[in-house]
Each structure stands twice: as C-alpha cells, then as structure tokens.
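First up is the structure itself, then whatever we jot down about it.
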There are 2 protein chains.
Amino acid sequence: MTATIYDVAALAGVSIKSVSRVLNRGPNVSPKLQAKVLAAVETLDYRPNLSARSLAGASSYLIAAFVDAELTLEHWRSGRGNDYLSRLEYGALVECRKAGYHLMVELVDYGSPSLETWLLALLRSLKPDGVLLTPPNSDDPRVLDVLERNGTPFVRLGAEIDLDRGMRVFMDDRQAAADMTAHLIALGHRRIGFIAGPGSYAASRKRREGFEAAMARHGLEVDPGLVVEGDFTFDSGRRAGTAILGRPERPTAIFASNDDMALGVLNAAAALGVATPAALAVCGFDDTPSAMLSTPPLTTIRQPVAEMAAAATRLLLPPSAGQQGHAERVDYALIDRLSTRPPS
Amino acid sequence: MTATIYDVAALAGVSIKSVSRVLNRGPNVSPKLQAKVLAAVETLDYRPNLSARSLAGASSYLIAAFVDAELTLEHWRSGRGNDYLSRLEYGALVECRKAGYHLMVELVDYGSPSLETWLLALLRSLKPDGVLLTPPNSDDPRVLDVLERNGTPFVRLGAEIDLDRGMRVFMDDRQAAADMTAHLIALGHRRIGFIAGPGSYAASRKRREGFEAAMARHGLEVDPGLVVEGDFTFDSGRRAGTAILGRPERPTAIFASNDDMALGVLNAAAALGVATPAALAVCGFDDTPSAMLSTPPLTTIRQPVAEMAAAATRLLLPPSAGQQGHAERVDYALIDRLSTRPPS
DNA sequence: CTGAAAGCGCTAACAC
DNA sequence: GTGTTAGCGCTTTCAG
C-alpha cells in the first residue's frame with residue numbers, strides 16, 4: 001500500500017539504484033533519468049523509509065541531543081521550566097528540518113555508574129549521525145570517551161576543558177559579564193554588588209572573572225561584602241539580594257549571574273522598600289522569557305542558545321559534517337531594558 | 001564490532017528467534033532459556049538496533065509529537081520561550097523512557113497547502129507507533145484525516161471539536177476559570193475585570209465562559225467595560241490592564257486568561273501607581289515559570305501539561321495502546337500566591 | 001517450547 | 001551512466 005523504492009523504479013522505468021542515486025544526489029545521473037524519477041516520486045508521493053536507510057547505509061539522518069536527565073527533571077519538577085532546552089531544541093530542530101534530518105532528545109543519567117555502557121548501547125541502537133552535548137555535560141570525559149571510541153561526531157556547547165576534543169560552539173561569558181559591568185559603570189555606578197553562580201559551573205566562574213576584571217580595569221574596588229554566591233535559583237537571588245541590601249553601605253547596582261537570581265533581587269528590593277531602578281539598578285544574564293515580563297523589565301545578556309544549537313547542528317550535518325577540532329564562537333548581546341539607570 | 005542478535009544467540013547457545021522472544025516478552029520462553037539469553041545480553045552489552053526492529057516489525061518504538069512550526073518559530077524569535085513544549089516534552093520523554101521508546105518532536109507546517117501530502121510522507125518515513133497532537137492543532141481536521149487514513153494511533157491534547165475522533169487528554173478550562181473567579185469572590189471582590197484570550201482558541205472561550213458563569217452564579221454583574229480581549233502576550237495584557245485601570249470605577253481585581261497577560265497587568269498597575277496586591281488583586285492562568293518569579297508572585301491555575309503529555313503517551317504505548325475513543329481528564333490546581341488578597 | 005528461513009526497504013559494491 | 005546483487009539486523013511466518 002505504501003510506495004517503496006521499487007514502485008518508484010517501476011513507474012519511472014528504471015532500476016531502484018537509479019532512484020536511490022537521484023534521491024541521494026549521487027554522481028552520474030543524466031538529467032532525463034532524474035526528471036523521470038522525480039516525476040514518479042511526485043506521483044506516488046514517495047518518501048524513503050528512515051529505518052531502511054539507516055539499516056542499509058552509513059547515515060541514519062538522525063541527530064541526538066544529550067541532556068542531563070537529573071538536571072532536566074529537576075527543572076521540570078520544580079516548575080522552573082527549561083528555557084535552555086527549549087531554545088536549544090528550536091535551533092537544532094530548524095536546522096535538522098532544512099536538511100531532512102530528525103532530532104531526538106535523550107535524557108542521559110550522568111550520575112549512573114554504568115553511564116558508559118548505557119551510552120554505547122544507545123549510540124548503537126540509534127546510530128545518530130551526530131550528537132549535541134549540552135553543559136555541564138559537554139565537559140564529561142566519560143561521555144567524550146564513549147563518543148570518540150564509537151566514532152560518532154559530536155559538538156560540545158559551552159565546553160571549557162579538553163578543548164581539542166570534538167567540535168565546539170561557545171560564547172564568551174567572561175567578556176559578556178565584563179561588558180555588563182562596564183555598562184553599569186558607564187551609567188555612573190561605583191558600588192556594585194555581584195551575585196555569583198555556583199562555582200561548579202564553568203560559566204559561573206567566567207562571569208565572575210569578567211565582573212572582577214571590568215571593575216579592576218576601571219579602578220574600582222570590589223567590596224567582598226557585596227559579592228554573594230547563589231545557586232541560580234530565584235530564592236537564592238532573593239536571599240543574596242536581601243543580604244546585600246541589608247549592609248550598612250548599600251550598592252547602587254546589583255549584577256546577578258543569571259536572570260532568575262536577578263528577579264529574586266527585584267523581589268528582595270520590593271520587600272525592603274527599595275525602588276527599582278530609581279534607588280537600585282539590577283541586571284541579569286541569559287535573557288530568559290521571564291526577563292522581559294518583570295517589572296521593571298530586566299537588563300540582561302542575551303545568550304544565543306538557539307543560534308548556538310543551530311550552529312552546532314550545522315557542524316554535524318553535511319557538507320560540513322564532523323570537522324574535528326572546529327570551534328565556533330557566537331555573539332551575545334547586551335539587552336538594555338528598564339531595570340538599569342544612573343544612580344540618583 | 002557491535003554486537004548483534006546473532007552474537008547473543010551464539011553466546012547463549014540458542015537461536016536468534018529465542019533471543020528475540022526474550023527481548024520482546026514473547027510467550028513460551030522457559031526460565032532457563034531466558035536466563036541464558038539475559039546473561040549473554042549483559043556480557044555483550046547488547047541493544048537491539050532500532051532501525052532493524054522498525055524495518056522488520058510492526059513497531060518502531062517511536063512516538064512523534066506534532067508541533068505547530070509557525071507558532072513555535074514565532075515563540076523562539078520573540079524570545080518568549082515555549083514553556084508548553086518544554087513541559088509536554090518532559091511528560092512524554094519520561095514515559096517513553098520507561099517503556100524503552102524514543103520521542104521525536106516534529107515541526108509541522110499547518111499553513112502549508114500540501115500539509116496532507118507532507119504529513120503522510122512523514123508518517124511513512126518515520127512509522128511512529130503513535131502521535132501526540134498539541135493545540136491548536138489537535139483540532140485540525142486535515143491532520144486527523146491523515147492520521148486516521150494511515151492508521152496511526154494518536155492522542156489529541158485539549159481538543160474541542162469532533163470529540164469522537166482519536167484519543168483525547170484534556171483539562172476543564174471552564175471549571176478552572178470558574179474556580180478562580182469564585183476564589184476572588186470569596187476573597188471579597190465584587191468588581192472584577194477580565195482579560196480574555198483570542199477567541200480563535202477554544203481554551204480562551206472556555207475560560208471566558210467559566211468566568212462569566214461564576215459571576216452569574218454569585219449574582220454578580222459583569223461590567224462590559226471591564227472585559228477586554230488580549231492576544232496572550234505580555235504587551236496585550238499591559239494595554240488591557242491600562243485600559244481597565246483607566247476607567248472611572250476601577251475593579252478591585254483583574255483575572256487574566258494567561259500568565260503573560262497577568263504579568264502585563266502587574267506592569268500596567270506599577271506604571272499607574274496602583275499597588276498590587278493591596279489595591280488590586282491580579283491572577284493568571286497556566287502557571288508558567290515566570291508566574292512564580294514575579295513581584296508579587298502570581299496566583300494562577302496550574303495547567304498540568306506534563307501530566308497531560310504523560311497520560312497521552314501512556315495511551316499510545318502498550319499495553320493500553322490505541323484505545324480508540326478513549327478520553328481522559330486531568331486535574332488542574334489553583335495555586336494561591338501573593339498577588340491576590342481581599343480588597344482593602 | 002524452540003528453530004529455520006523469508007523478507008522489511010534501502011544502500012553499496014561491483015558489474016556492465 | 002545504469003543495473004544486479006548482496007546484505008544491514010531484526011521480526012515473523014511456519015515447521016518441528
């Protein structure tokens with residue numbers, strides 16, 4: 001009932017191999033033959049069966065995105081959503097679609113002791129043509145090992161270590177944080193509070209470095225009492241904000257390492273009767289959807305997750321497929337909204 | 001190099017058919033044989049190849065989620081994120097994983113004139129064991145036609161028309177809106193503003209009906225000047241809020257049909273110097289991540305998207321697979337946060 | 001209860 | 001340029 005390659009070949013009066021060649025842009029196809037095949041494909045509304053292709057050939061037309069199961073489940077359970085994954089998926093999906101590929105998101109248990117075994121089994125059962133690795137797992141040596149051993153091309157998003165392994169797509173977190181800090185300084189702020197992310201995240205460390213570097217470059221001192229470490233959640237931001245605003249000499253601005261924490265600061269300020277942005281400028285990092293929905297809307301760094309995913313996917317797809325060692329930097333943008341203004 | 005079913009059979013000293021039977025829980029397997037096979041599978045770290053399974057058998061171990069391409073891309077471009085998709089994926093992914101299935105998200109161009117052709121081709125090339133349909137496309141007759149013609153089981157999320165086609169999972173938007181309205185009334189509110197969603201969405205209409213029904217049941221009049229239609233965006237909520245709050249007799253509460261619009265109302269109130277929740281109670285619908293990150297945090301209805309997706313996925317998976325006509329209702333929850341309190 | 005053989009629909013060598 | 005022929009790794013008849 002469903003048309004197969006044989007039906008197309010029969011209708012076009014050629015061999016199945018010719019049909020295959022036309023469909024796969026193989027060499028040595030006369031225009032006439034191509035036209036006949038294409039016409040037959042059209043009439044029969046034929047589409048090659050993915051499984052058969054994958055089974056017979058080297059390509060599965062499938063890209064897999066490996067996502068940390070625990071982190072992802074925790075995000076979802078807590079109702080915090082998973083904006084990162086959502087954006088990643090858009091970028092990857094759009095590129096896959098253009099090229100006739102499909103995307104499969106796989107939850108990977110990075111905590112499992114049998115991770116390697118499990119991963120290898122997954123790779124063999126799925127045979128993806130390429131794998132997208134998201135942080136913090138872009139830096140997991142076990143994953144890199146398995147992928148390399150299996151010969152599967154992969155792109156690491158925001159990787160920080162072993163930079164010569166696989167392909168990479170990243171943004172400059174350090175410079176972005178420095179830019180944001182410089183932006184506050186240009187506005188006239190001198191006492192600036194900073195809420196860091198967990199030190200276990202490479203991106204957290206980079207952002208903090210950028211903040212400190214920019215302050216130093218402008219000859220400004222970082223008051224240690226104005227730097228607090230949070231864990232990227234709203235609550236930790238609220239607590240950190242409350243602590244910082246409770247100090248005898250208040251800062252005129254607070255830079256939080258991500259948007260959720262910045263929103264927590266906004267909440268803390270409201271609770272303490274500190275007007276934002278009049279009495280306190282607040283800025284974040286990531287440009288999550290909530291950032292533009294807050295009052296006041298948040299000045300932040302737009303992390304181009306979707307673009308990163310799109311670039312990464314293109315690296316995995318032909319014709320650029322699998323350029324070992326290739327690294328690509330994508331640009332961030334400072335989004336200037338209403339939560340930052342000069343100190344009064 | 002990669003272990004196949006032959007390797008397992010050889011190691012276990014049985015035929016490949018027996019291995020297949022054990023793996024597929026087929027009938028007539030002696031415990032001894034099963035143990036031998038399982039041991040061999042373990043040692044070889046064997047995992048059946050998905051493509052081969054799909055090609056040979058009736059099952060592809062694949063569930064596809066059809067998502068509106070245009071809507072999704074628009075969400076992405078606007079930076080609004082796509083919380084719905086993210087939650088959907090969570091629910092579906094978790095269930096798929098338990099059952100050894102894989103999830104594939106496909107962007108579908110519902111605006112395309114060749115939609116049917118394209119869909120059919122997709123179904124034939126992927127051969128998914130089931131399809132998850134998201135609104136507003138759960139109600140697209142062309143999609144339902146293709147799916148039915150192709151014999152692919154499908155579940156419609158939040159469908160409103162042709163209720164006898166396929167399987168369905170839904171929540172009671174009308175009752176939820178009525179509950180929220182009753183909640184405001186119980187708090188002491190009498191003049192209540194309402195911001196409706198676009199009339200083209202079935203859910204919008206239901207929510208509005210629920211609001212009106214609850215008001216009527218409590219003998220309260222709906223002031224037409226206090227009901228404005230938005231388009232589910234923050235901006236439309238802000239505009240609607242500004243309009244409502246600009247009226248001579250202000251309401252003491254505003255119920256927005258989704259969270260983004262409710263956040264817009266919060267923003268409008270702040271701009272007009274109207275204190276929330278002291279002078280104005282605000283509530284939303286959906287419980288998006290932003291709802292708990294706002295100041296004040298938003299009272300809202302938690303739409304159990306993940307649970308709906310999980311339930312839908314279970315309906316597609318064995319043993320319950322494809323119970324034509326089956327419909328399942330999932331429960332919402334009224335999340336009472338700080339944006340609503342009695343009128344002062 | 002278990003095994004042998006026949007494909008599923010395609011790609012890839014290898015001929016012609 | 002184009003066609004023939006083997007498989008890819010599994011499930012499914014159909015025998016035993």
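Every chain is numbered from 1 and lettered A, B, ... according to where its sequence line falls, protein lines coming before strand lines.
- Tyr101(A) places none of its side-chain heavy atoms less than 4.5 Å from the side chain of Thr313(A).
- Distance NZ (Lys127(A)) to P (dT11(C)): 16 Å, rounded to an integer number of Å.
- As a whole-Å value, the separation of Asn24(A) CG from dG9(C) C1' is 13 Å.
- Residue Tyr61(B) is classed as having no contact, given no heavy-atom separation below 4.0 Å to the nucleic acid.
- Under the salt bridge (charged side-chain N to carboxylate O under 4.0 Å, His left out) test applied with Arg142(B), the options Asp145(B), Asp139(B), Asp140(B) reduce to a single match, Asp140(B).
- At the phosphate of dC10(D), OP1 or OP2 sits under 4.0 Å from a side-chain N or O atom of Tyr46(B).
- Heavy atoms from other residues, nucleotides or ligands lying under 6.0 Å from CD of Glu42(A) number 12 at most.
- Contact annotation: the side chain of Arg314(A) never approaches that of Val169(A) to less than 4.5 Å [non-hydrogen atoms, C-beta and beyond].
- Atom-to-atom, OH of Tyr6(A) to C1' of dG7(C) comes out at 11 Å; the value is rounded to the nearest Å.
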(request) Kindly determine whether Val305(A) and Tyr90(A) satisfy side chain to side chain contact (heavy atoms under 4.5 Å, CB included), including the steps that lead there. (result) CA-CA 9 Å; Val305(A) 179; Tyr90(A) 290 144; over 6 Å; no
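- The shortest distance between the side-chain N/O atoms of Ser20(B) and the OP1/OP2 oxygens of dC10(D) is not below 4.0 Å.
- Residue Asn49(A) places no side-chain N or O under 4.0 Å from the OP1 or OP2 atom of dC8(C).
- Taking the side chain of Ala56(A) as heavy atoms from C-beta on, and the options dC8(D), dG9(D), dT2(C), the nearest nucleotide is dC8(D).
- Closest to the Ile5(A) side chain, of the nucleotides dC8(D), dT11(D), dC10(C), is dC10(C).
- Straight-line distance from the NZ atom of Lys36(B) to the C1' atom of dG3(C): 13 Å, rounded to whole Å.
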(message) Walk me through whether Asp331(A) and Arg329(A) qualify under salt bridge (charged side-chain N to carboxylate O under 4.0 Å, His left out).
(response) CA-CA 7 Å; Asp331(A) 288 330; Arg329(A) 204 191 67 231; 3.8 Å; yes
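- Of the candidates dT2(D), dA12(C), dC10(D), dT2(D) carries the atom nearest the Ser30(A) side chain, counting heavy atoms from C-beta on.
- Annotation for Glu70(B): atom CD does not count as buried by contact number, only 12 or fewer foreign heavy atoms lying within 6.0 Å.
- Residue Leu33(B) is the one, among Leu33(B) and Leu55(B), whose nearest nucleotide of DNA chain C lies closer to the 5' end (criterion: closest heavy atom).
- If you check residues 9-18 of chain B against DNA chain C, the residues with a heavy atom closer than 4.0 Å are Val14(B), Ser15(B), Lys17(B), Ser18(B), listed by number.
- Scanning atom types as modelled, one donor and one acceptor separated by under 3.5 angstrom connect the side chain of Arg21(B) and the base of dG3(C).
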